[in-house]
Amino acid sequence: MTSAAVVVCTWRGVRGEIPEETEAALTLGRKVSSALGADLHWLVVGTAPEADAEIAARQGVAALERIEDAKLAGGQADAFVEAMAQYCAQRSPRLLLFNQTFDTRLVAARLAGRLGSGAVMNGVDVEAEAGGRLRVTAAAYGGDTRVVYELAGEKSCIVALLANAVVPQPVEGAASSPTRSDVAVDLSGVEERIRVLEPARAEGLRLEDAEIIVAGGRGLSSPENYKLVEQLAEALGGMAGASRPLVDDGWVDSSRQVGLTGKITRPGLYIAAGISGASQHMAGCAAAKTIAAINTDPDAAIFRYARYGIVGDCLEILPELIRAAKQGR
Ligand SMILES: Cc1cc2nc3c(=O)[nH]c(=O)nc-3n(C[C@H](O)[C@H](O)[C@H](O)COP(=O)(O)OP(=O)(O)OC[C@H]3O[C@@H](n4cnc5c(N)ncnc54)[C@H](O)[C@@H]3O)c2cc1C
């Protein structure tokens with residue numbers, strides 16, 4: 001039996017993909033495992049990505065492990081919790097690091113309950129101290145505040161890492177040569193309680209990866225005006241985003257929502273049109289290199305974050321920007 005200090009766990013989940021932020025979690029896992037003086041393991045639940053060996057090598061992974069079982073194919077949280085609980089019973093990892101995805105939200109807290117340990121969501125950093133104590137920094141109160149949790153004891157701790165919280169870095173020096181093994185689990189006792197009939201699938205580029213985002217808010221006044229946001233995004237070669245009220249009111253698809261309960265983005269340029277700058281929205285775009293805002297209210301909170309601000313009506317300014325962007329192409 002191997003004792004794994006830090007395990008980064010990824011799976012295809014109901015959306016059918018290994019999260020692209022896996023390398024960020026592996027980078028953080030490497031830092032923690034090195035501080036603990038132990039190995040970094042990467043556990044893939046279900047089908048592994050094609051490039052798993054290369055990713056593992058450049059991230060300094062010591063052991064690449066896999067759990068495969070038919071019951072894990074349907075995105076059932078019960079099966080994942082059971083599989084992970086059995087894995088932890090076999091390996092006793094000090095830290096289990098997940099990317100915070102839709103599936104992780106279903107699994108992390110329940111797994112912590114099974115293990116009698118703790119789960120920290122919205123994680124942005126983990127530091128390991130002598131003796132194995134972990135200090136986990138997490139975003140709280142809509143992303144406005146950082147909270148530090150100290151996790152002591154010997155049980156396996158669970159941390160879910162926010163997207164874009166860590167920049168993936170390859171290992172310095174020679175790449176590792178990870179061992180590869182299958183982990184046996186018995187899921188025969190897991191009953192099917194939920195069946196995913198048709199997983200939602202987003203087509204094309206993801207907002208989280210966009211270099212330029214033009215986002216619209218309630219200041220657009222009506223759903224028809226959202227096309228101005230889409231047109232400017234297209235003219236700049238970027239993607240269109242939105243604040244949550246536009247999603248709640250059915251103007252746009254939820255895949256466009258930026259913020260705490262939407263996408264966490266890190267573009268080079270974020271143009272916010274008719275968005276007030278509520279903390280829950282800023283949690284999803286404050287890491288942009290440059291924020292430009294258009295708002296009729298000179299005291300709008302968004303101007304505190306913006307490098308460039310235009311006080312004015314976005315319904316007049318957006319068409320001007322679209323024209324200028326098209327001329328500049
Ligand atoms: C638990 C929780 C989670 C949340 N998660 C999110 C999230 O993920 N993402 C998110 O966006 N929100 C989220 N919210 C909601 C958030 O608190 C705000 O209510 C929301 O972001 C406001 O959206 P808005 O800026 O479009 O609208 P408003 O706050 O109504 O702001 C509209 C802005 O447009 C300006 N304006 C009006 N007319 C014009 C015009 N013609 N031209 C230019 N400007 C104009 C106004 O001055 C105002 O500043 C969450 C809230 C909670 C409680």
Side-chain angles (χ1 to χ4, degrees), residues 13-17 19 75 77 100-106 121-122 139 141-144 162-164 194-210 212-267 269-286 288 291-297 300-302 305-306 312-319 321-322 325:
V14 295
R15 291 176 201 246
E17 286 178 6
Q100 188 159 312
T101 60
F102 175 80
D103 304 281
T104 314
R105 290 174 207 257
L106 298 178
M121 307 302 286
N122 302 316
Y141 300 114
D144 269 356
L162 272 184
N164 286 326
I194 297 169
R195 185 177 297 171
V196 178
L197 297 178
E198 193 183 341
R201 217 171 272 279
E203 300 282 325
L205 265 180
R206 303 177 331 145
L207 206 54
E208 298 95 307
D209 302 325
I212 297 176
I213 295 175
V214 182
R218 208 149 36 185
L220 289 168
S221 308
S222 77
E224 297 74 49
N225 293 329
Y226 188 75
K227 69 176 181 306
L228 294 172
V229 167
E230 293 177 314
Q231 285 167 6
L232 181 58
E234 192 190 342
L236 293 172
M239 291 185 75
S243 65
R244 177 162 155 177
L246 275 58
V247 174
D248 289 347
D249 292 349
W251 296 15
V252 299
D253 184 73
S254 62
S255 60
R256 304 261 175 117
Q257 184 185 322
V258 174
L260 185 68
T261 43
K263 308 291 181 197
I264 309 289
T265 68
R266 195 194 277 264
L269 174 63
Y270 190 83
I271 301 179
I275 292 178
S276 58
S279 61
Q280 295 89 355
H281 182 81
M282 298 316 294
C285 63
I291 296 178
I294 310 164
N295 200 302
T296 43
D297 176 5
I302 188 85
Y305 303 88
D313 183 348
C314 61
L315 301 181
E316 289 172 10
I317 291 157
L318 283 171
L321 292 177
I322 294 165

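Quick note: residue numbers are just sequence positions, from 1.
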Working to the nearest 0.5 Å, report the span between [atom1] of [X] and [atom2] of [Y].
{"X": "Leu260", "Y": "Asn122", "atom1": "CG", "atom2": "CG", "value": "6.5 Å"}
{"X": "Ile322", "Y": "Glu230", "atom1": "CD1", "atom2": "CD", "value": "10.5 Å"}
{"X": "Thr101", "Y": "Asp103", "atom1": "OG1", "atom2": "CG", "value": "4.5 Å"}
{"X": "Leu228", "Y": "Glu316", "atom1": "CG", "atom2": "CD", "value": "11.5 Å"}
{"X": "Arg244", "Y": "Gln257", "atom1": "CZ", "atom2": "CD", "value": "6.0 Å"}
{"X": "Arg218", "Y": "Leu220", "atom1": "CZ", "atom2": "CG", "value": "11.5 Å"}

Which atoms form the tightest heavy-atom contact between [X] and [Y], and what is the distance?
{"X": "Ala215", "Y": "Ala242", "value": "CB-N, 4.0 Å"}
{"X": "Ala210", "Y": "Met239", "value": "CB-SD, 3.8 Å"}
{"X": "Ile294", "Y": "Gly312", "value": "CG2-O, 3.8 Å"}
{"X": "Ala240", "Y": "Ala233", "value": "N-CB, 3.8 Å"}
{"X": "Gln100", "Y": "Leu162", "value": "NE2-CD2, 4.0 Å"}
{"X": "Leu207", "Y": "Ser255", "value": "CD2-O, 3.8 Å"}

Trp251 backbone acceptor or donor facing Asp249 side chain under 3.5 Å =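 No; zero donor-acceptor contacts below 3.5 Å.
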
With a 4.5 Å heavy-atom cut-off, do Thr265 and Cys285 have their side chains touching?
->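 In short, these two side chains touch, coming nearer than 4.5 Å.
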
Walk me through it: do Arg256 and Tyr226 pass the test side chain to side chain contact (heavy atoms under 4.5 Å, CB included)?
-> CA-CA 12 Å; Arg256 304 261 175 117; Tyr226 188 75; 3.2 Å; yes

Of Leu246, Ile271, Ile213, Val214, the residue whose pairing with Val229 passes side-chain contact (heavy atoms from CB on, under 4.5 Å) |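 Answer after filtering Leu246, Ile271, Ile213, Val214: Val214.
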
Trace of the side chain to side chain contact (heavy atoms under 4.5 Å, CB included) decision for His281 with Val258 | CA-CA 6 Å; His281 182 81; Val258 174; 3.8 Å; yes

